[in-house]
Amino acid sequence: MERERRYWLFKSEPGCFSLEDLKNTPLMTEKWDGVRNYQARNLLRDEIQPGDYGFFYHSNIPEPAIVGIVEVVREGYPDYTARDPEGEHFDPKCSFDKPIWYMVDVRYVRHLERLVTLDEIKKQPALAGMELVKRSRLSVQPVRTDEWEYLLHLGGISLRERICPQTSLEM
DNA sequence: GCCAACGTTGGC
DNA sequence: GCCAACGTTGGC
């Protein structure tokens, strides 16, 4: 029995990796790597499943905003960048047997019709419970279904549209 | 680039 | 196990 789809918010610094970059990646799939926070790790390892959707959020820019939608295509697996001594995300405490850190793979689905800025999100009472508003530092965070739908609406996507995973187009 | 908020580390 | 020091994130 498949569990119900859940929703997430994935952050990225567009200067480092943007939604456009994901769209232009071969197969439109990328690894969500380099997360070094235990709370986020637990989500990546235990909660986030293929078929789940996520908002793609651009952080650390003058106007941070949700810009689009991605789909999780691979469940959590050990983040091997933690074992690369040359890499930026190296963690000497990790080994093959004890990975510590995890990542998932995500696929580009679509951009929002218009982006939803953090400023706008903060003004919405319906979104006051979001992690993004309350404690903004988690790099991947859960989004409730009602929040998801509200944000789709703000992003110019009608609730009657459906996001088709196969074609990246709404039906 | 500053700094607040928060997480992690390590001495005791 | 406390807590000070330090590091990181990310809004501004």
Side-chain angles (χ1 to χ4, degrees), chain A residues 6-25 30-48 52-72 74-106 108-144 146-148 150-156:
Chain A
R6 289 166 69 179
Y7 303 102
W8 310 94
L9 183 142
F10 296 95
K11 289 187 191 175
S12 187
E13 300 187 22
C16 181
F17 191 77
S18 70
L19 185 59
E20 202 62 32
D21 292 333
L22 177 63
K23 188 180 181 181
N24 294 330
T25 304
E30 257 294 338
K31 303 159 195 75
W32 192 257
D33 66 13
V35 174
R36 301 291 178 264
N37 167 285
Y38 283 102
Q39 204 179 338
R41 186 283 307 270
N42 292 344
L43 296 177
L44 290 165
R45 186 189 59 186
D46 306 329
E47 305 289 339
I48 301 174
D52 286 354
Y53 278 168
F55 283 125
F56 200 91
Y57 177 85
H58 283 170
S59 68
N60 235 334
I61 50 173
E63 195 152 70
I66 294 173
V67 292
I69 295 168
V70 299
E71 181 189 6
V72 178
R74 183 177 174 187
E75 67 179 353
Y77 60 102
D79 184 346
Y80 50 78
T81 66
R83 280 185 278 114
D84 174 12
E86 305 298 316
E88 256 180 83
H89 301 301
F90 179 60
D91 182 345
K93 294 191 299 300
C94 293
S95 67
F96 192 80
D97 293 328
K98 290 188 176 177
I100 304 183
W101 306 116
Y102 282 72
M103 58 183 169
V104 298
D105 291 352
V106 297
Y108 174 84
V109 175
R110 60 170 295 168
H111 281 74
L112 299 183
E113 290 300 319
R114 48 187 156 77
L115 49 79
V116 182
T117 64
L118 178 61
D119 199 46
E120 200 177 348
I121 292 169
K122 282 180 171 171
K123 286 181 187 157
Q124 309 294 329
L127 303 176
M130 288 190 71
E131 288 289 323
L132 197 63
V133 178
K134 289 192 301 180
R135 202 166 51 81
S136 63
R137 290 177 74 247
L138 253 197
S139 50
V140 54
Q141 39 186 270
V143 174
R144 297 196 316 248
D146 61 304
E147 293 164 343
W148 177 265
Y150 197 89
L151 284 160
L152 280 185
H153 177 68
L154 290 179

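So that the names make sense, note that chain A is the first sequence line, chain B the second, and so on, each numbered from 1.
With sequence neighbours excluded, the residues forming a side-chain contact (heavy atoms from CB on, under 4.5 Å) with A:Leu115 are A:Ala65, A:Val67, A:Thr117, listed by chain and number. The side-chain contact (heavy atoms from CB on, under 4.5 Å) test applied to A:Glu75 returns A:Gln49, A:Pro50, not counting sequence neighbours. Applying the ring pair (Phe, Tyr, Trp, His ring centres under 6.0 Å) test to A:Tyr77 and every residue at least two apart in sequence or in another chain returns nothing.
Nucleotides of DNA chain B that come within less than 4.0 Å of any heavy atom of chain A span, from the 5' end to the 3' end, B:dA5 to B:dT9.
Residue pairs meeting the salt bridge (Lys or Arg N to Asp or Glu O under 4.0 Å) criterion with at least one partner in residues 39-48 of chain A, sequence neighbours excluded, are A:Arg6-A:Glu47.
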Tabulate below the donor-acceptor pairs under 3.5 Å that side-chain atoms of residues 13-20 of chain A make, not counting sequence neighbours, or state none.
residue, atom, partner, partner atom, Å
A:Glu13, OE2, A:Asn60, ND2, 3.0
A:Ser18, OG, A:Glu20, N, 3.3
A:Ser18, OG, A:Asp21, N, 3.1
A:Ser18, OG, A:Asp21, OD2, 3.3
A:Glu20, OE1, A:His111, NE2, 3.4

